[in-house]
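Since this is a predicted model, take the numbers as computed values, not measurements. We use all heavy atoms of the structure for the numbers below, so side chains are in, but hydrogens, waters and symmetry mates are not.
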Amino acid sequence: MAAAAAVIPPSGLEDGVSRARGEGAGEAVVERGPGAAYHMFVVMEDLVEKLKLLRYEEELLRKSNLKPPSRHYFALPTNPGEQFYMFCTLAAWLINKTGRPFEQPQEYDDPNATISNILSELRACGRTADFPPSKLKAGYGEHVCYVLDCLAEEALKYIGFTWKRPSYPVEELEEETVPEDDAELTLSKVDEEFVDTNESAKQGVILESTTDAAEWSLEVERVLPQLKVTIRTDNKDWRIHVDQMHQHKSGIESALKETKGFLDKLHNEISRTLEKIGSREKYINNQLEHLVQEYRGAQAQLSEARERYQQGNGGVTERTRLLSEVTEELEKVKQEMEEKGSSMTDGTPLVKIKQRLTKLKQETVQMDIRIGVVEHTLLQSKLKEKSNMTRDMHAAATPESAIGFY
């Protein structure tokens, strides 16, 4: 089973007094490392292990007919509504496991009131919660994992659970039987026999040289031509080094006595100063406890006000955008109205119409003249044709009358 990881508050330092003192003195705030974004996954995995130790599957999930959450359920966003309900249910159950009565939240309860009650119980357990309550409305994130992990630890403390060192089972090595064969020996068997003989020799017999000095000298003379040995001509070189070593040793010992006295004195002064600082810090913490509580409350109110300001600022931005769109449309309508008004008051089209009418009248008069000329021409042609016909008729009738007369 995984060991419990150290829980780091999502924001701020663990000690409110140290944080207030650091901010007031203008100290630099420690920045979070690049791995802080993945810390909530580790906290979530530890939380699942702690919930299993508290038997939440039998006591909560089966009774409430809930599905067991995954190892990264509250670390990743899946379904905010479902995650928020699961968070409130788990938090209420863990608060009851710490020995404090807490009503199980319902689906239609006010989320702000529920979150406020959970944070109040968390602060009553001595845990810090210096982040805005709105961070818990989403139902996931590092703040949700932090709150549930703190409540799980308090529940484990209440039932008397303590973490112990892990005990690893001793695995018995099975001895493999190898058929004895004088012709073939495995390398492992040779190594085992060699180790066994060395261990038996070490345990049974004290190592003692049995080499003859004369034989050793003869062997050295035989091998000496094959070795490259550099012989120094200065035989007093090693003695000089030995003398220097003795001098340095005596200097170090004399300096150590004097330095040790100063170090002991400095150690005693530092110890007394640390004790004074510790006592004064405890006194300051006791004296400023109510101020720290007020500061935390003011910090929470400031966070809520900032959240409301951001929401209001977003609404103002949206309305400003809508206003700009409406203003642009209004400008377009005004421009169209001005164009229409200028066209209505302008007399140029009327003058053009009059000119066209005058031209049409002139063309009509010319057309009437042309029609009169054509009609006159036709009349003349008809009259001429009629006179010709009459003359022809008279000419034809005159000979006949003359014949009858004669």
**Item:** Side-chain donor or acceptor of Arg71 paired with backbone N/O of Met44 under 3.5 Å
**Value:**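 No, the answer is negative, given that no donor and acceptor are paired below the 3.5 Å cut-off.
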**Prompt:** Under the salt bridge (charged side-chain N to carboxylate O under 4.0 Å, His left out) criterion, do Lys52 and Glu58 qualify, and how do the steps go?
**Reply:** CA-CA 9 Å; Lys52 289 180 180 179; Glu58 295 83 0; over 6 Å; no
Heavy atoms, side chains only, cut-off 4.5 Å: are [X] and [Y] in contact?
X: Glu304; Y: Ser134; value: no
X: Glu221; Y: Leu218; value: yes
X: Leu148; Y: Val144; value: yes

**Prompt:** Can you name the side chain to side chain contact (heavy atoms under 4.5 Å, CB included) partners of Arg222, sequence neighbours left out?
**Reply:**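 If we apply the side chain to side chain contact (heavy atoms under 4.5 Å, CB included) test to Arg222, skipping adjacent residues, the hits are Glu219.
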**Item:** Qualifying residues under side chain to side chain contact (heavy atoms under 4.5 Å, CB included), relative to Glu121, sequence neighbours excluded
**Value:**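 Here the qualifying residues are Ile95, Arg100, Phe102.
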**Asked** Measuring from Arg296:CZ to Thr128:OG1, what's the distance to the nearest 0.5 Å?
**Response**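 One gets 6.5 Å once the value is rounded to the nearest 0.5 Å.
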**Asked** Quick one: CD on Gln106 to OG1 on Thr114, what's the gap to the nearest 0.5 Å?
**Response**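 Going from the CD atom of Gln106 to the OG1 atom of Thr114 covers 9.5 Å.
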Just distance, no hydrogens or angles: give the donor-acceptor pairs under 3.5 Å from side chains in residues 74-84, sequence neighbours left out.
residue : atom : partner : partner atom : Å
Thr78   : OG1  : Gln83   : NE2          : 3.2
Asn79   : ND2  : Glu82   : OE1          : 3.4
Gln83   : OE1  : Thr78   : N            : 3.4
Gln83   : NE2  : Tyr73   : O            : 2.8
Gln83   : NE2  : Leu76   : O            : 2.8

**Asked** Given the rule in the side-chain contact (heavy atoms from CB on, under 4.5 Å) test, do Asn285 and Val292 qualify, once you have shown the distances and angles that lead to the verdict?
**Response** CA-CA 9 Å; Asn285 290 337; Val292 172; over 6 Å; no
**Message:** Do the side chains of Glu142 and Lys135 get close enough for a salt bridge, i.e. N-O under 4.0 angstrom?
**Reply:**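 So Glu142 does not pair with Lys135 through a salt bridge.
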**Asked** Among all residues two or more places apart in sequence or in another chain, which pass the salt bridge (Lys or Arg N to Asp or Glu O under 4.0 Å) test with Glu318?
**Response**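 Only Arg321 meet the salt bridge (Lys or Arg N to Asp or Glu O under 4.0 Å) criterion with Glu318.
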**Asked** Regarding Gln293 and Glu289, is there a side-chain donor-to-acceptor distance under 3.5 Å anywhere?
**Response**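 Side-chain D/A pair, Gln293 to Glu289: present.
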**Message:** I'd like to know if the side chain of Gln244 pairs up with that of His248 as donor and acceptor (distance under 3.5 Å, no hydrogens or angles considered).
**Reply:**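 There is no such pair between these side chains.
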More than 12 heavy atoms of other residues, nucleotides or ligands under 6.0 Å from [atom1] of [X]: yes or no?
X: Glu269; atom1: CD; result: yes
X: Arg306; atom1: CZ; result: no
X: Phe87; atom1: CZ; result: yes

List, one per line, each side-chain donor-acceptor pair under 3.5 Å for residues 354-362, sequence neighbours excluded.
residue : atom : partner : partner atom : Å
Thr358  : OG1  : Lys354  : O            : 2.9

**Prompt:** Among all residues two or more places apart in sequence or in another chain, which pass the side-chain hydrogen bond (donor to acceptor under 3.5 Å, both in side chains) test with Glu59?
**Reply:**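 So Glu59 forms a side-chain hydrogen bond (donor to acceptor under 3.5 Å, both in side chains) with Lys97.
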**Request:** Evaluate the criterion salt bridge (charged side-chain N to carboxylate O under 4.0 Å, His left out) for residue pair Lys50 and Glu153; output intermediate values, then yes/no.
**Result:** CA-CA 8 Å; Lys50 294 172 185 177; Glu153 286 187 356; 3.0 Å; yes
**Request:** Would you name the heavy atoms of Leu66 and Met86 that are closest together and state the gap between them?
**Result:**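 Answer, listing the atom of Leu66 first, then Met86: CD1-SD, 4.0 Å.
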